Amino acid sequence: MAHIISDDCSSCGACVAVCPVECIAEGEGKYIIDADACIDCGACVGECPIGAISAG
Ligand code: SF4
């Protein structure tokens, strides 16, 4: 189960740099986590200033 970025995402990009497998990319209106690549490490969760990332 991969982590998920909710629709609350404001596309600030704060989470991108901390992902060890570089599976977070900019989508349309929000950032998106590649579910097949995410290793569920949780590193991105604390980086989001609005708490939009959660375990799937
Ligand atoms: Fe990347 Fe870890 Fe967040 Fe998955 S949980 S998107 S591997 S930082």
Side-chain angles (χ1 to χ4, degrees):
M1 193 64 112
H3 274 58
I4 294 171
I5 300 176
S6 79
D7 289 342
D8 292 335
C9 172
S10 61
S11 295
C12 74
C15 54
V16 175
V18 300
C19 179
V21 294
E22 300 181 1
C23 70
I24 306 176
E26 189 168 11
E28 290 183 24
K30 59 176 273 189
Y31 273 66
I32 295 170
I33 293 173
D34 180 343
D36 293 328
C38 175
I39 56 172
D40 267 343
C41 71
C44 54
V45 176
E47 291 301 313
C48 181
I50 56 173
I53 307 177
S54 60

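It should be emphasised that the depicted structure is a prediction, and the values quoted were computed from it without experimental measurement. One-based numbering, in listed order, for ligands and for the atoms of each.
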Quiz item: Please state which protein non-hydrogen atom is closest to atom 4 (Fe) of ligand 1 and give its distance, to 0.1 Å?
Solution: C38 SG, 2.4 Å

Quiz item: Does I32 share a hydrophobic cluster with I53, counting links as ILVMFWY side-chain heavy atoms below 4.5 Å and allowing steps through other members?
Solution: no

Quiz item: How far is atom 2 (Fe) of ligand 1 from its nearest protein heavy atom, and which residue and atom is that?
Solution: C41 SG, 2.3 Å

Quiz item: Which atoms of ligand 1 have any heavy atom of I33 under 4.0 Å away?
Solution: 6 (S)

Quiz item: Which ligand 1 atoms are under 4.0 Å away from a heavy-atom of G42?
Solution: 2 (Fe), 5 (S)

Self-check item: From CA spacing to verdict: side chain to side chain contact (heavy atoms under 4.5 Å, CB included), C19, C44
Solution: CA-CA 6 Å; C19 179; C44 54; 5.6 Å; no

Quiz item: If you count the atoms of ligand 1 from 1 in the order shown, which ones are under 4.0 Å from a heavy atom of I24?
Solution: 6 (S)

Quiz prompt | V21 neighbourhood, listing ligand 1 atoms whose heavy-atom distance to it stays under 4.0 Å | solution = 7 (S)

Exercise. Report the nearest protein non-hydrogen atom to atom 7 (S) of ligand 1: residue, atom name, distance rounded to 0.1 Å.
Key: I39 N, 3.4 Å

Quiz prompt | Heavy-atom nearest option to atom 3 (Fe) of ligand 1, drawn from C23, S54, C44, A37 | solution = C44

Quiz item: Got a second to check how far H3's NE2 is from C23's SG, nearest 0.5 Å?
Solution: 10.0 Å

Quiz item: Hey, is there an N, O or S on C19 sitting under 2.8 Å from atom 1 (Fe) of ligand 1?
Solution: yes

Quiz prompt | Reported NZ-to-SG distance for the pair K30 and C12, which is rounded to 0.5 angstrom | solution = 13.5 Å

Quiz prompt | Shortest non-hydrogen separation from V18 to A43 and the atoms involved | solution = CG2-O, 3.8 Å

Quiz item: Does the side chain to side chain contact (heavy atoms under 4.5 Å, CB included) test come out yes or no for I50 and C48, once each step is laid out?
Solution: CA-CA 6 Å; I50 56 173; C48 181; 3.7 Å; yes

Practice problem: Answer with side chain, backbone, both or neither: which part of I53 has a heavy atom less than 4.0 angstrom from an atom of ligand 1? | Solution: neither

Practice problem: Evaluate the side chain to side chain contact (heavy atoms under 4.5 Å, CB included) criterion for residues D34 and I24: first the C-alpha distance (whole Å), next the side-chain angles of each, then the deciding distance (0.1 Å), finally the verdict. | Solution: CA-CA 6 Å; D34 180 343; I24 306 176; over 6 Å; no

